[in-house]
Structures are given as structure tokens and as C-alpha cells.
Q: 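For reference, the structure I am asking about is given below.
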Amino acid sequence: MGFSTDAIHAGQKPDLETGAVITPVYMTSTYAQEELGVHKGYEYGRTHNFTRAAYEKNVAVLEKGKYGIAFSSGLSAVNAIMSLVKAGDHVIVGDNVYGGTYRLLELVLKNYGLDFSWIDTSEIDNLKKALKPNTKMVIIETPTNPMLTLTDISATAEFAKANNLISVVDNTFMSPYFQNPLTMGIDIVLHSATKYINGHSDVISGILITSDDKIYERLKYIQNAVGAVPSPFDCWLCLRSTKTLAVRMDRHNFNAQKVAEFLEKHPQVEKVIYPGLKSHPQYELAKKQMRGFGGMVSFLVRELEMTKSFLKKVSVFTLAESLGGVESLVCHPATMTHASVPKEKRESFGLTDTLIRLSVGIEDIEDLIADLEQALA
Ligand SMILES: *Cc1c(COP(=O)(O)O)cnc(C)c1O
């Protein structure tokens, strides 16, 4: 089946009891058992929930994987991945991954005897150089936030296989519609479903997808043992949302391309970063491993004063953290999402104070361009 057909139908059948076309929200913490040891496979809500199972199956199909395992946030999904390694193990991580991932690994989990190397994964040679005898896992994010730097997914998978490492790709920015790392040999795909998968800025949720039976068994065990499960209602919202993922992503992509091209011609703009522009240094790689370029656009204005007045003057774009919703958002990474990253480190990968990040929504493109135009004037 095609992506949209799967998005609308995979994991879902009309309800057996009533014929309801939409999978119901099973708001229940426990299930009746007919007699001792006899039940319908459902015992307790943390372990089993029908709405969650439908959502997990749905996203697994969209990511071309066998299994989905849902969590209460993207970060609790990252935390579950880390249960696959143990004290004394070494993990290679991209140096420009989501700030919360950095915080969880470096400032929380490091205390449990894990060792992390933070490297620029856009150069595959750097992965090879970071390898240690106790390396067990490699985690990349592509494209990164907010610099939109790409890492070669197939090359990363090859490196991981050759060295017996578990490979993980945070695919939040592309969504399953534009990029499927499992098909390129990656072991685990991670999504903050808070972003494009749910897409309506009203849920915090995360999901992992894998086709590896052993990895699945462990992650499923951890999901229940740790208990960071999403609510049935959040699962229902995400399942409702994936039905429109394809049309939303097409529109995000269309609008972002137009916005990037508009900004690239604007005299107040010093530089635009968008993988769909020929000026992006990894444009060829983007075309190779992605089916679209997504809705995120970063750009640098010429002066710091301009940054402030721009953020004050935008009106269709809302000044806010997060991304991937239907509404357009603007953020200033240096003081918002990346404020905890030391200035020197930030600037070493180009994240300066004049950098502005847009999450381009699905509003009318004319209104978005007009808003940017008046804010830059
Ligand atoms: C938001 C985000 C996360 C964390 O997800 P939460 O749902 O906020 O916990 C992880 N990775 C990326 C790329 C993100 O954008």
C-alpha cells in the first residue's frame, strides 16, 4: 500500500463491538478476567492498551518497521534506548543533537557509568576515530536542529554493522513521510511524536520503531518496567494525526521551500540554511536519503538589532519553542532552545546570536511571505 493508505488504515479495523470506524480511546486501567488465568490478553493498562497498540502498529508500518513502542515523551523514548547499554559501555552521539537528549545523556545518565563521545557525525571519519573497544551504540540526528546538518544514514548503518554497534536515528525532523532510516540499515528509529507525527501542538509523546526482534523484546519490557507510557487519549490523538501526515508534510515542504527561496533573495538576510536549497552544502545527500526537505528553515540576519525587531514584528509566526505543528513558529535558538549550550560551543557549529529558526506551518504561503516581508522591512 502507499504511504497515505497505510497512514489511514494500518493498525486499525472497525470496532468489533459497534463497528465504529475510528479506533476508540480505551480509557481503562484494568481488565476483567473470566476466571483465574483466563483473560483476553489484557491485564493491566500500563502493560496493554488497545489504542496504544493501534498507534504503535500504525507508525511501525509508516517507518517500514515491524514494531512500534510508544512512550510518554520523546525523551522517555531516548531513555528507553539507553537501557540497551550498561555501565562501562561507550556511546557515540552527534554533537548537535536535540538539547534535551544532550542533557539526559551527559548530565543524568553519565552518572550511571556510561561514557559518551560527542562528535560531528556529518563526517563519517569522525565516527571511526571515536570508536573504542567498549563502544556499543551510535546515535545520530539528521537533519540537526537548528543547523540542519545532515549525516549519511547508510554510511552510519554500515559503520555500526561493521563494528557490532546498535544504530539509532532521531528522525523527528523528517517524519516517516520523508525519510525511513530502517530501510537504510539502521536498527532503531526515534521520534518525538510531539512534533510532526502528532502535528497539532497538543500532545507530548515519543515512539521507537525497530524490526529487530531482540531489541523490540527489550524495549517492550522496558516500556512496561519503567512505565513511561503515553495516555490512551494521547495515543488516540497521534493516531488521528498520522492520517493527515502525508498532506501536512507535503504542505510544510512546499511552504518551507518558498520561504527559504524568499529569504535567500532578501537583502537583510545573510544566509539561509535549508536542505532543499542548492546552496546547502549537503544538497546532494539530502536528495539521496530524503524524499522531501521538511518544514524547518534557519537563517542569519545581518545585525543583532535586526534579530530583535524581527522577532517582535512577526505576527502570523508565533514566537515559541517546539516545531512540527500546523501553525508557523519562530524561535531564537541562542537564547531559547540552545541557551544551555555554552556560547563558544554553540558558535563553533555556527549557532550565533543572529540565527533565527522557523518551523514553517501549513498556512497560506502568501500570508507567511507577507509576514516575513513586513518583519524584515
Ligand atoms: C523535541 C525533540 C525531542 C524530545 O522530545 P519530547 O517529546 O519533547 O520529549 C527529541 N529529539 C528531537 C529532534 C526533538 O525535536
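Keep in mind it's a predicted model, so treat the numbers as computed, not measured. In listed order, ligands and their atoms are each counted from 1.
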Q: Where the side chain of Thr156 meets the backbone of Asp152, is there a donor-acceptor pair that is under 3.5 Å apart?
A: yes
Q: Heavy atoms only: which of Phe173, Tyr196, Tyr98 is nearest to atom 8 (O) of ligand 1?
A: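 Checking each option, the heavy atom nearest atom 8 (O) of ligand 1 is found in Tyr98.
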Q: Taking the six-membered ring of Tyr102 (Phe, Tyr or Trp), confirm whether the NZ or CZ of Lys345 is under 6.0 Å from its centre and within 45° of its axis.
A: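 Geometry flag: set, cation within 6.0 Å and 45°.
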Q: Using the six-membered ring wherever Trp is involved, compare the ring planes of Tyr67 and Tyr216 and label them parallel, tilted or perpendicular (cut-offs 30° and 60°).
A: parallel
Q: Has Lys195 got its NZ or CZ under 6.0 Å from the middle of the six-membered ring of Tyr98, at an angle within 45 degrees of the ring axis?
A: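 Yes; both conditions hold, so Lys195 lies above the ring face of Tyr98.
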Q: I want to know if ligand 1 touches Thr101 in the polar sense, i.e. an N/O pair below 3.5 angstrom.
A: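 No, Thr101 has no N/O under 3.5 Å of an N/O on ligand 1.
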Q: Applying a heavy-atom cut-off of 4.0 Å, say which part of Ser76 lies close to ligand 1: side chain, backbone, both or neither.
A: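 Ser76 to ligand 1: no contact under 4.0 Å from either part.
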Q: Under 4.0 Å, heavy-atom basis, I'd like to know which part of Thr194 is in contact with ligand 1: side chain, backbone, both or neither.
A: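 The part of Thr194 near ligand 1 is the side chain, not the backbone.
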Q: Going by the atom numbers of ligand 1, which of them fall below 4.0 Å from some non-hydrogen atom of Asp170?
A: 10 (C), 11 (N), 12 (C), 13 (C)
Q: So do the side chains of Val168 and Ile186 get within less than 4.5 Å of each other, counting heavy atoms only?
A: no
Q: Do any N/O atoms on Gly74 end up under 3.5 angstrom from N/O atoms on ligand 1?
A: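 Indeed, backbone or side chain, Gly74 has an N or O that close.
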Q: As an exercise, identify every atom of ligand 1 less than 4.0 angstrom from a heavy atom of Ser205.
A: 7 (O)
Q: With distance as the sole criterion, is a donor-acceptor pair present between the side chains of His90 and Ser117 under 3.5 Å?
A: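 Per modelled atom types, His90 and Ser117 side chains form a pair under 3.5 Å.
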